[in-house]
Amino acid sequence: MQHDDNLTTERPSFVTHLECAMTGERHEADRVHNLSRAGKPLLVRYDLAAMRKALSKDALAQRPPDLWRYREMLPVRATENIVSLGEAMTPLIAMPKLSARLGGGEILVKDEGRLPTGSFKARGLVMAVSMAKALGIKHMAMPTNGNAGAALAAYATRAGIKSTIFCPQDTPEVNVSEIALQGATVYRVNGLIDDCGKIVADGKAKVGWFDTSTLKEPYRIEGKKTMGLELAEQLGWQVPDAIFYPTGGGTGLIGMWKAFAELEAIGFIGSKRPRMIAVQAAGCAPMVRAFEAGQEHAPRWENAHTIASGIRVPQAVGDFLILRAVRASGGFAIAVTDDAIQAALDEMAREEGLLLCPEGAATYAAYKQSLHDGRIAKAERVVLFNCASGLKYPLPGVQRTLDRHKPIDFAAL
Ligand SMILES: Cc1ncc(COP(=O)(O)O)c(C=O)c1O
């Protein structure tokens with residue numbers, strides 16, 4: 001096995017068509033698409049019977065550990081269109097001290113901070129940009145809370161595609177800088193992500209750039225789907241009891257739900273599904289409100305605010321898909337306060353040595369809250385998604401200093 005086998009070997013993709021997630025209407029594969037004719041997200045469909053014959057667990061096990069090992073389950077047909085920066089399989093890390101303290105349920109953190117550009121947005125954007133390359137798209141635009149824009153900038157530059165990115169004014173500095181450094185044109189906008197989305201939609205109409213917004217582009221879900229594929233494979237083709245996912249636009253939650261259905265269809269897993277738990281911030285919780293009200297769609301959340309900027313998404317075009325997956329899985333949507341997020345971040349860093357991003361910390365806060373409410377049982381095996389490196393966020397300063405010219409009282413250190 002060579003390290004880059006997945007990037008150099010021709011393997012078939014079993015894509016057959018795309019389907020409107022609301023009406024089921026069929027749309028042709030290998031064409032440029034945004035939303036369906038009904039104005040809803042498009043889902044990529046595959047010939048699962050043929051995939052089942054072509055792909056085995058043993059064959060997968062022989063391949064290098066990166067996202068492209070699942071090639072048959074992904075939409076990119078020709079190897080030459082793969083645009084890669086090294087999408088390593090991310091580790092599942094056990095948290096034994098926290099688990100023992102909270103009553104014994106296994107806590108696993110899937111640490112997505114190891115991916116290119118330091119977040120799980122790389123999974124979606126590597127697929128969107130590879131497909132854009134295959135389809136001859138020359139200019140991609142996107143609204144972002146930071147991490148998605150960074151991933152688009154990196155992959156678009158790598159592919160020789162122009163990218164223009166709009167983010168809310170208060171997007172973390174590191175994100176705006178990395179987007180610019182990685183070759184995109186980036187603007188801070190005095191509004192939230194959906195306000196930035198309107199600029200992208202207007203530009204699409206006026207200058208014809210491609211709208212790469214969450215779920216208005218069909219392939220980011222396929223990239224995010226690999227979180228579910230990886231997770232099942234890492235657990236020996238089992239699924240956990242529950243997945244806590246920090247939910248903004250919800251691409252990952254929808255993608256994982258799709259992954260489990262496809263894995264069952266090809267005989268890799270059984271009918272058990274994890275309970276999908278959509279985690280939001282108390283200052284921006286449209287899914288929680290809609291879930292609790294029994295609604296199919298989630299109206300816009302006004303005055304959205306939270307330290308977890310990645311999940312500050314007031315309204316999501318895939319709201320009904322998130323809510324459907326959460327309900328079908330027997331899961332729930334839960335909101336946590338910024339104080340609980342900060343406390344969770346501090347606790348995991350201090351106790352287990354793992355620095356989470358605020359959105360990832362929200363999942364640990366939500367897990368604790370769910371244990372307390374009794375919505376999660378102590379014996380359950382849960383997976384928490386740490387979706388970005390904690391190093392991308394402003395960190396607290398350290399005041400302690402030492403004067404090396406003076407005697408040091410070592411016993412007091
Ligand atoms: C760190 C982080 N966590 C979570 C999310 C939300 O992801 P999704 O759009 O898949 O719900 C984002 C999106 O910007 C993010 O950057």
Side-chain angles (χ1 to χ4, degrees), residues 20-23 34-36 38-43 121 124 128 141-149 152 165-171 175 187-205 211-218 220-221 224 245-255 257 276-327 331-336 338 358-359 362 366 387:
C20 173
M22 186 61 116
T23 65
N34 282 116
L35 291 173
S36 71
K40 297 294 174 196
L42 282 169
L43 298 174
K121 295 290 176 181
M142 177 198 264
T144 183
N145 276 329
N147 287 319
L152 174 60
I165 293 170
F166 303 89
C167 59
Q169 210 152 31
D170 57 354
T171 299
N175 291 133
Y187 297 91
R188 293 178 185 271
V189 176
N190 52 345
L192 295 179
I193 189 167
D194 49 352
D195 301 308
C196 297
K198 287 186 193 113
I199 298 174
V200 171
D202 288 349
K204 181 188 170 200
D211 185 344
T212 320
S213 304
T214 303
L215 294 179
K216 290 189 183 166
E217 184 288 335
R220 287 174 63 182
I221 300 186
K224 286 274 195 90
Y245 184 80
T247 307
T251 330
L253 192 146
I254 299 163
W257 191 243
M276 303 300 288
I277 296 153
V279 178
Q280 297 205 300
C284 182
M287 296 305 146
V288 181
R289 190 171 60 187
F291 176 79
E292 285 171 359
Q295 291 169 313
E296 193 191 2
H297 291 280
R300 188 173 197 270
W301 185 278
E302 299 303 330
N303 304 316
H305 61 90
T306 167
I307 55 169
S309 50
I311 51 175
R312 193 179 58 174
V313 178
Q315 190 159 30
V317 57
D319 52 1
F320 64 106
L321 294 173
I322 299 170
L323 291 162
R324 273 185 202 168
V326 166
R327 290 187 176 119
F332 52 90
I334 178 170
V336 289
D338 279 3
E359 298 79 4
C387 32

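Taking CZ from R289 and CD from Q280, the interatomic distance works out to 10.0 Å, rounded to the nearest 0.5 Å. How far OG1 of T171 is from CD1 of I165: 11.0 Å, rounded to the nearest 0.5 Å. To the nearest 0.5 Å, atom CD1 of residue I334 and atom CD of residue E292 are 9.0 Å apart. Atom-to-atom distance recorded for T251:OG1 and Y245:OH is 6.0 Å, nearest 0.5 angstrom. The CG atom of L321 lies 4.5 Å from the CD1 atom of I254; values are rounded to the nearest 0.5 Å. Rounding to the nearest 0.5 Å places CE of M142 at 12.0 Å from NZ of K216.
At least one donor-acceptor pair closer than 3.5 Å links the side chain of T144 to the backbone N or O of G149. Remark: the backbone N or O of A141 is paired with a side-chain donor or acceptor of T212 at under 3.5 angstrom. Remark: the backbone N or O of N34 is not paired with any side-chain donor or acceptor of D211 at under 3.5 angstrom.
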Using the side-chain contact (heavy atoms from CB on, under 4.5 Å) rule, take D319 and M287 through it: C-alpha gap first, then chi angles, then the decisive distance, then the call. CA-CA 7 Å; D319 52 1; M287 296 305 146; 3.7 Å; yes

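A148 approaches R220 most closely through the heavy-atom pair CB-NH2, 3.8 Å. Of all non-hydrogen atoms in L253 and A325, the two that sit nearest each other are CD2-CB, 3.7 Å. Taking each heavy atom of C20 and L42 in turn, the nearest pair found is N-CD2, 3.7 Å. Of all heavy-atom pairs between L35 and P41, the closest is CD2-N, 3.7 Å. Annotation for I322 and G249: closest pair CD1-O, 3.4 Å, computed over non-hydrogen atoms. Scanning both residues, L192 and P168, for their nearest heavy atoms gives C-CG, 4.0 Å.
Contact annotation: the side chain of V317 never approaches that of T214 to less than 4.5 Å [non-hydrogen atoms, C-beta and beyond]. The side-chain heavy atoms of E296 and L323, taken from C-beta on, include no pair separated by under 4.5 Å.
Applying the side-chain hydrogen bond (donor to acceptor under 3.5 Å, both in side chains) rule to pairs touching residues 194-203 yields D194-R300, sequence neighbours excluded. Sorted by first and then second residue, the ring-ring contact (aromatic ring centres under 6.0 Å, His included) pairs with a member in residues 290-317 read H297-F320; sequence neighbours excluded.
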Under 3.5 Å, which donor-acceptor pairs link side chains of residues 308-315 to any protein atom two or more places apart or in another chain?
{"unit_1": "R312", "atom_1": "NH1", "unit_2": "D170", "atom_2": "OD2", "d": "2.9"}
{"unit_1": "R312", "atom_1": "NH2", "unit_2": "D170", "atom_2": "OD1", "d": "2.8"}

